[in-house]
Participant: 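Below are the structure tokens for one structure; questions will follow.
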Amino acid sequence: SRLVEGLTKTRNNIASVFDDIFSGFSSIDDDFYEELEEVLVMADIGIHTTEMIIEDLKVKVKENHLKEPAECREYLIHSIKEQMAVTEGAYEFENKKTVMLIIGVNGVGKTTSVGKLAGQYKNAGKKVLLAAADTFRAGAIEQLVEWSHRAGVDVIAGQEGSDPAAVVFDAVAAAKARNTDILICDTAGRLHNKKNLMEELKKINRIIDREYPDAFRETMIVLDGTTGQNALVQAKQFKEVADITGIILTKLDGTAKGGIAIAIQSELGVPVKYIGIGEKIEDLQKFDSDSFVDALFQ
Ligand code: GDP
């Protein structure tokens with residue numbers, strides 16, 4: 001499938017070592033667990049999450065009286081899936097009038113993801129509107145306008161350097177007037193001035209609350225999967241300033257450490273809702289943890 005193909009780098013990184021462990025050890029002992037832990041950490045699943053997965057596996061080994069390392073394989077995959085299922089994402093916004101804020105630092109793939117989402121929801125028969133509220137980054141507005149043409153949806157944009165909250169105000173008014181299903185707002189990605197960013201996001205949220213109180217709200221953070229554990233750090237910083245409801249994890253096609261999706265979801269307690277596995281519109285995929293884990297380990 002496209003998913004398996006998109007995750008080739010991570011799969012190649014994990015698969016052979018993974019197979020070696022299950023065939024290379026003759027008993028389930030400390031060495032076996034240590035080696036297993038190393039492989040999971042190497043795939044960027046994260047120390048904390050890996051430890052929980054191994055602990056869970058140890059319980060299952062005991063309960064089921066497992067003797068052979070090879071017998072552990074299915075239990076391990078099941079443990080990873082369970083670990084992820086705790087924070088399974090819902091896609092409620094698909095059935096309600098929704099305002100979606102897209103946040104994240106520059107370069108992670110925010111504008112691209114907004115464009116891809118717009119194209120997909122438009123193709124699914126939704127009425128989509130975009131708001132170009134990243135008025136700070138040079139070129140961000142034109143880039144979004146370009147994507148709006150590609151996706152065949154309208155965009156509300158102001159001048160570069162103008163007040164992002166004013167753009168959102170206009171976009172909300174337009175969304176209501178046009179009976180839009182999903183209004184997707186691209187926002188600025190500066191993080192060097194946290195107070196500033198926090199105030200800006202607050203102001204945008206206040207305007208939506210006041211002008212469109214019945215709208216269903218989503219705040220998606222976009223994270224670059226190739227930055228590994230740094231993505232996790234970024235997400236934690238943004239979590240302090242915004243009520244994040246979902247994660248869009250991009251560029252997983254460009255990394256051998258796609259296990260970061262597992263770490264991020266379980267360590268933040270926020271569901272990964274979309275993953276980016278390429279440049280095309282259809283390369284932004286709804287995230288399903290079961291298929292993801294299968295694509296990496298089966
Ligand atoms: P922004 O600054 O956060 O708005 O980032 P952009 O949307 O401009 O994206 C930065 C670069 O990442 C662009 O060249 C995109 O084409 C690329 N990109 C975004 N998502 C993906 C993905 O899932 N896979 C790959 N390979 N590239 C991506």
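Start at 1 and go down the list; that is how both ligands and their atoms are numbered.
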Participant: Using 4.0 Å as the upper bound for N to carboxylate O, is an ion pair formed by Asp154 and Arg178?
Facilitator: yes
Participant: Considering non-hydrogen atoms of the protein only, which is the closest contact for atom 27 (N) of ligand 1, and what is the distance?
Facilitator: Glu279 OE2, 3.5 Å
Participant: Tell me the nearest of Lys116, Arg137, Lys280, Gln143 to atom 20 (N) of ligand 1, using heavy-atom distances.
Facilitator: Lys116
Participant: Counting heavy atoms only, which part of Ile277 comes closer than 4.0 Å to ligand 1: side chain, backbone, both or neither?
Facilitator: backbone
Participant: Which value, rounded to the nearest 0.5 Å, describes the distance between Asp253 atom CG and Arg2 atom CZ?
Facilitator: 7.0 Å
Participant: What residue and heavy atom of the protein are closest to atom 21 (C) of ligand 1, and at what distance?
Facilitator: Lys251 CG, 3.6 Å
Participant: Taking atom CD1 of Ile45 and atom CG of Leu40, what is their separation to the nearest 0.5 Å?
Facilitator: 4.5 Å
Participant: Would you mind listing which atoms of ligand 1 come within a distance below 4.0 Å of any non-hydrogen atom of Gly276?
Facilitator: 23 (O)
Participant: Using only heavy-atom distances, determine whether the side chains of Glu218 and Thr245 contain a donor-acceptor pair under 3.5 Å.
Facilitator: yes
Participant: Going by heavy atoms, is Gly189 under 4.0 Å from ligand 1?
Facilitator: no
Participant: Does ligand 1 have an atom that lies less than 4.0 angstrom from a heavy atom of Val105?
Facilitator: yes
Participant: Would you compute the distance between atom OH of Tyr75 and atom CG of Leu57 and round it to the nearest 0.5 angstrom?
Facilitator: 10.0 Å
Participant: Taking non-hydrogen atoms only, is Asp253 closer than 4.0 angstrom to ligand 1 via side chain, backbone, both or neither?
Facilitator: side chain
Participant: Look at atom 2 (O) of ligand 1 and say whether a protein heavy atom is found at less than 4.0 angstrom from it.
Facilitator: yes
Participant: Is the ring pair Phe297/Phe18 parallel, tilted or perpendicular, if the boundaries are 30 and 60 degrees?
Facilitator: tilted
Participant: Charged N to carboxylate O below 4.0 Å: is that the case for Lys203 and Glu200?
Facilitator: no
Participant: If you measure from each non-hydrogen atom of Asp134 to ligand 1, which part falls under 4.0 Å: side chain, backbone, both or neither?
Facilitator: neither
Participant: Could you tell me the residue and atom name of the protein heavy atom closest to atom 10 (C) of ligand 1, and the distance to it rounded to 0.1 Å?
Facilitator: Gly107 O, 3.7 Å
Participant: Is Gly278 near ligand 1, meaning one of its heavy atoms is under 4.0 Å from it?
Facilitator: yes
Participant: Taking NZ, NE, NH1 and NH2 as the nitrogens, is one of them in Lys96 or Asp214 under 4.0 Å from a carboxylate oxygen of the other?
Facilitator: no
Participant: Backbone or side chain, does any N or O of Thr112 fall under 3.5 Å from an N or O of ligand 1?
Facilitator: yes
Participant: Regarding Lys202 and Asp209, does a basic nitrogen lie under 4.0 Å from an acidic carboxylate oxygen?
Facilitator: no
Participant: Below 30° counts as parallel, above 60° as perpendicular, anything between as tilted: where do the rings of Phe25 and Phe32 land?
Facilitator: perpendicular
Participant: Going by the order shown, which atoms of ligand 1 are within less than 4.0 Å of some heavy atom of Asn106?
Facilitator: 2 (O)
Participant: In the protein, what heavy atom is nearest to atom 5 (O) of ligand 1, and what distance, to one decimal place, separates them?
Facilitator: Gly109 N, 3.1 Å
